[in-house]
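Scroll down for the structure; my scribbles are underneath it.
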Amino acid sequence: MARPPFWLMRQAGRYLPEYRAARADAGSFLDLCYNPKLAEEVTLQPLRRYGMDAAILFADILLIPHALGQPLAYREGEGPVLDPIRSAAELSKLDVTRIHETLAPVYETVSRLSQSIPQSCTLIGFAGAPWTVATYMVEGRGSKDYAHTKHWIYSDPDGFGELMEILVASTTEYLLRQVAAGAEVIQIFDTWAGVLPDDAFRKWAIEPTRRIVEGLRARHPDLPVIGFPKGVGANIIDYVKETGVTAVSLDTGTPLHWAAQEVQSLVPVQGNLDPLLLVEGGAAMERRIAEILETLGKRPFIFNLGHGIVPQTPPENVARLAALIRGE
Ligand code: 1CP
């Protein structure tokens, strides 16, 4: 069996000492994202250690709200914090005119990476899906229940739709510019898609993503797009059929045999090792990697995690994973 390609969500990050050093050099996390040299450097760090088959641009899904003028800070131990926008009337606080000027350093990072990554390596650009980005814009931080965002979609869907229009347009343009700068594949992260009931999932997760994919394909008919609708269970099938993504990333909870039959029969899949098994390492991790390879490795497959690497991950476990995937 040929080995599958592999990369890991959040493969750059705090579990690597060289990342922590670069972040300290940059000052803040946002300064790091907007510093093409340092962002290039931290994108390359995991490749040097582990030789992944893909590099993912170092940036964050919340650069779009930031570039729209929404105040954003990343606080130690707390994650991102934004000044929340909770009604259509407040949308006037957003400024769509300067967004790509603000994001210009990100395009420069992509362009540098397209020159500096190893030839065998694929450069992945990304953005958050409008729904997931909107949850941060409306809640003002990560959330457990998305109460403010849900209140808005249920009480004033047209007003919330205006926010989604802004996000669909700016995200499509953001991704087109990443492709113009050299991104070869795009991943769209819909991390919080799984909190929506299925009619709302269709309206606020599938439909905006479908429009982004359509906008990308209008200019680049063959562009590969990977979707990551986390936590959506069996709705992943409608997501795949209706968004037009090329491949889909499976979260950790997706049953392997079900995915092989019902999802991988439609599109190539990516996933889905539990990031906490990567923390655990040893026999438990190795057993699960073998199961994943056995079940999904017979058809088009990209080995990855079911969600991002967590900061307490021992780097040596990532090295072991890389060796196992290569059959070493
Ligand atoms: O250095 C630090 O302390 C900041 C930690 C960090 C990092 C390394 C954040 C803050 N973002 C990132 C980089 C990042 N974020 C990448 C870079 C490329 C890579 O994967 O190596 C990517 C693709 C993201 C995407 C992202 N940001 C998502 C979607 C994927 C996912 O993990 O679900 C989400 C939801 C965010 C928001 C965000 N940014 C940072 C944090 C801590 C969070 C999550 C907050 C929360 O859980 O609500």
Side-chain angles (χ1 to χ4, degrees), residues 6-35 38-50 52 54-66 72-82 106 109-110 113 117 121 123-146 149 171 174-175 178 183 185-195 226-232 249 251-252 270-272 275 304-313 318:
F6 88 105
W7 66 281
L8 304 173
M9 291 191 264
R10 292 281 179 96
Q11 63 192 22
R14 278 179 297 171
Y15 75 107
L16 291 177
E18 60 270 34
Y19 169 81
R20 296 194 297 268
R23 191 184 186 296
D25 280 352
S28 71
F29 175 71
L30 272 178
D31 290 334
L32 177 56
C33 292
Y34 288 127
N35 181 323
L38 285 176
E40 176 193 26
E41 164 59 22
V42 296
T43 304
L44 296 173
Q45 286 171 348
L47 307 182
R48 291 188 195 120
R49 279 186 184 241
Y50 311 115
M52 283 90 173
I56 182 161
L57 162 70
F58 189 85
D60 194 70
I61 66 164
L62 300 179
L63 297 188
I64 291 270
H66 183 253
L72 165 68
Y74 290 83
R75 303 219 181 110
E76 208 50 59
E78 212 185 334
V81 183
L82 304 96
V106 177
T109 305
V110 174
L113 283 164
I117 61 169
C121 193
L123 181 56
I124 303 178
F126 76 94
W131 165 254
T132 289
V133 173
T135 65
Y136 288 95
M137 296 178 79
V138 177
E139 303 297 328
R141 55 184 65 229
S143 175
K144 286 204 166 68
D145 58 11
Y146 307 89
T149 323
T171 303
Y174 179 52
L175 293 173
Q178 291 183 29
V185 172
I186 292 298
Q187 174 147 326
I188 299 175
F189 289 89
D190 214 347
T191 306
W192 309 124
V195 305
I226 305 171
F228 179 41
K230 185 169 143 317
V232 303
S249 202
D251 62 42
T252 293
Q270 169 176 282
N272 74 346
N304 205 313
L305 304 177
H307 197 191
I309 292 188
V310 295
Q312 70 270 31
T313 303
V318 183

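First listed ligand is number 1; within each ligand, the first listed atom is number 1. Bear in mind the structure is a predicted one, so any value in this text is a computation, not a measurement.
With hydrogens and angles ignored, the 3.5 Å screen pairs a side-chain donor or acceptor of Gln11 with a backbone N or O of Leu8. Side-chain N or O atoms of Asn272 include one that pairs as donor or acceptor with a backbone N or O of Asp251 at under 3.5 Å. Side chain of Asn35 to backbone of Leu38: a donor-acceptor contact under 3.5 angstrom is found.
Listed as neighbours of ligand 1 are Met9, Arg10, Gln11, Ala12, Arg14, Tyr19, Arg23, Phe29, Ile56, Leu57, Phe58, Ala59, Asp60, Ile61, Tyr74, Pro80, Phe126, Tyr136, Gly142, Phe189, Thr191, His307, each bearing a heavy atom under 4.0 Å from the ligand.
For the salt bridge (Lys or Arg N to Asp or Glu O under 4.0 Å) test, residues two or more places apart in sequence or in another chain that qualify with Glu78 are Arg75, Arg141.
Using the six-membered ring where Trp is involved, Trp192 and His307 have ring planes that are perpendicular, over 60° apart on the 30 and 60° scheme.
Across all their heavy atoms, Thr252 and Pro275 have their closest contact at OG1-CD, 3.6 Å.
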